[in-house]
Amino acid sequence: MPRVLEFLGQHAPDVACLQETKCDAQQFPEAELAQAGYRSIHHSGGRWAGVALLVRDGLDVSDPVYGLQGEVAHDEARWVEATIDGVRIASVYVPNGREVDSPTYAEKLTFLEAMAQRAPQLDVIAGDMNVAPSDVDVYDPSVFEGATHVTAAERTRLAAVMQAGGLVDAYRVLHPEPEVGYTWWDYRQGHFHRGMGLRIDLVLVDAEKIAPRLRSVGIDRDFRKGAKPSDHAPLLVAWS
DNA sequence: ATGTCACGCATGGCGTGA
């Protein structure tokens, strides 16, 4: 929470899409966030996962939906969406998948397929996709041979989400390959300070409604530093 | 080097899920 409040104070976003809130519904710090000027729309699943939309006071919020039609486990709390000032936006935490022969990998592919079914209803899908779209988004592809996050099956399904929804990868609109924009670094082995990251957190935006209005897309690496950082850094997206 | 992190459990370390 100290880092979240620091983030809200520093960047004053209209909307913050959170993943891995890791608390049950009763524990979600609605009051503390309200004190900071943000309304919470959250789907909380207890010890793991959990997603939320934090909306700055004064913006209109309607039609929240908790969970994703077709996902394997609603209780895992990996998807929440709402309409905010006319923009339909989802915060998502795609299952990690662990290993390609594990049940959670199959669950991950199913989740991505369910996202593609839902994508046409969304203007923005933001969150931890747990998929690196391209080898440029991986510090060393040879390390990930045979691993999750980079398989053709995952990348094909992520591309299908964008195709189905008419969405584009906001970071890549303003920062084409081969520019590197990692959003996650393992806590171990000093990966962050050695530049060993992945770009697995994406903001997908409607190609016609939003992409032409993009003003800036960037990653605030400072939030991966300091006291008790997340292992992810926030991706900041602004449009006019 | 699986070298980090946080948490629940019934501790004083181990399993879990990143």
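Every chain is numbered from 1, with letters handed out A, B, ... down the list of sequences.
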Distance, rounded to the nearest Å, where A:Asp24 contributes CG and B:dC7 contributes P:
14 Å
Across all chains, not counting sequence neighbours, the side-chain contact (heavy atoms from CB on, under 4.5 Å) partners of A:Gln163 are none
For A:Tyr38, check ring-ring contact (aromatic ring centres under 6.0 Å, His included) against everything at least two apart and list the hits.
none
Between B:dG17 atom P and A:Arg98 atom CZ, what is the distance in whole Å?
5 Å
Side chains of A:Leu158 and A:Pro133: does their closest heavy-atom pair fall under 4.5 Å?
yes
The criterion is ring-ring contact (aromatic ring centres under 6.0 Å, His included); which residues satisfy it with A:Tyr139, sequence neighbours excluded?
A:Phe144, A:His191
Near DNA chain B, which residues from residues 149-156 of chain A have a heavy atom under 4.0 Å away?
none
Does anything in residues 85-96 of chain A pair up under salt bridge (Lys or Arg N to Asp or Glu O under 4.0 Å), and if so which pairs, sequence neighbours excluded?
A:Glu81-A:Arg88
Residues from residues 40-51 of chain A sitting under 4.0 Å of DNA chain B, heavy atoms only?
A:Arg47, A:Trp48
Could you tell me whether the phosphate oxygens of B:dA6, OP1 or OP2, come under 4.0 Å of any side-chain nitrogen or oxygen in A:Lys228?
yes
Separation of atom CD in A:Glu99 from atom P in B:dT16, rounded to whole Å
13 Å
Taking side-chain contact (heavy atoms from CB on, under 4.5 Å) as the definition, give me every residue that meets it alongside A:Asp231, ordered by chain and number, with sequence neighbours left out.
A:Trp184, A:Tyr187, A:Arg224
Mind checking ring-ring contact (aromatic ring centres under 6.0 Å, His included) for A:His149 and listing every partner two or more places apart, or none if nothing turns up?
none
Sorted by number, residues from residues 180-194 of chain A placing a heavy atom under 4.0 Å from DNA chain B are A:Tyr187, A:Arg188, A:Gln189
Run the side-chain donor-acceptor check on residues 107-114 of chain A: report pairs under 3.5 Å with partners two or more places apart or on a different chain.
{"unit_1": "A:Lys108", "atom_1": "NZ", "unit_2": "A:Asn96", "atom_2": "O", "d": "2.9"}
{"unit_1": "A:Lys108", "atom_1": "NZ", "unit_2": "A:Asn130", "atom_2": "O", "d": "2.6"}
{"unit_1": "A:Lys108", "atom_1": "NZ", "unit_2": "A:Glu154", "atom_2": "OE2", "d": "2.6"}
{"unit_1": "A:Thr110", "atom_1": "OG1", "unit_2": "A:Ala106", "atom_2": "O", "d": "3.1"}
{"unit_1": "A:Glu113", "atom_1": "OE2", "unit_2": "A:Arg157", "atom_2": "NE", "d": "2.7"}
{"unit_1": "A:Glu113", "atom_1": "OE2", "unit_2": "A:Arg157", "atom_2": "NH2", "d": "3.2"}

According to the ring pair (Phe, Tyr, Trp, His ring centres under 6.0 Å) rule, which pairs have a member within residues 47-92 of chain A, sequence neighbours left out?
A:His43-A:His74
The criterion is ring-ring contact (aromatic ring centres under 6.0 Å, His included); which residues satisfy it with A:Phe7, sequence neighbours excluded?
A:His11, A:Phe223
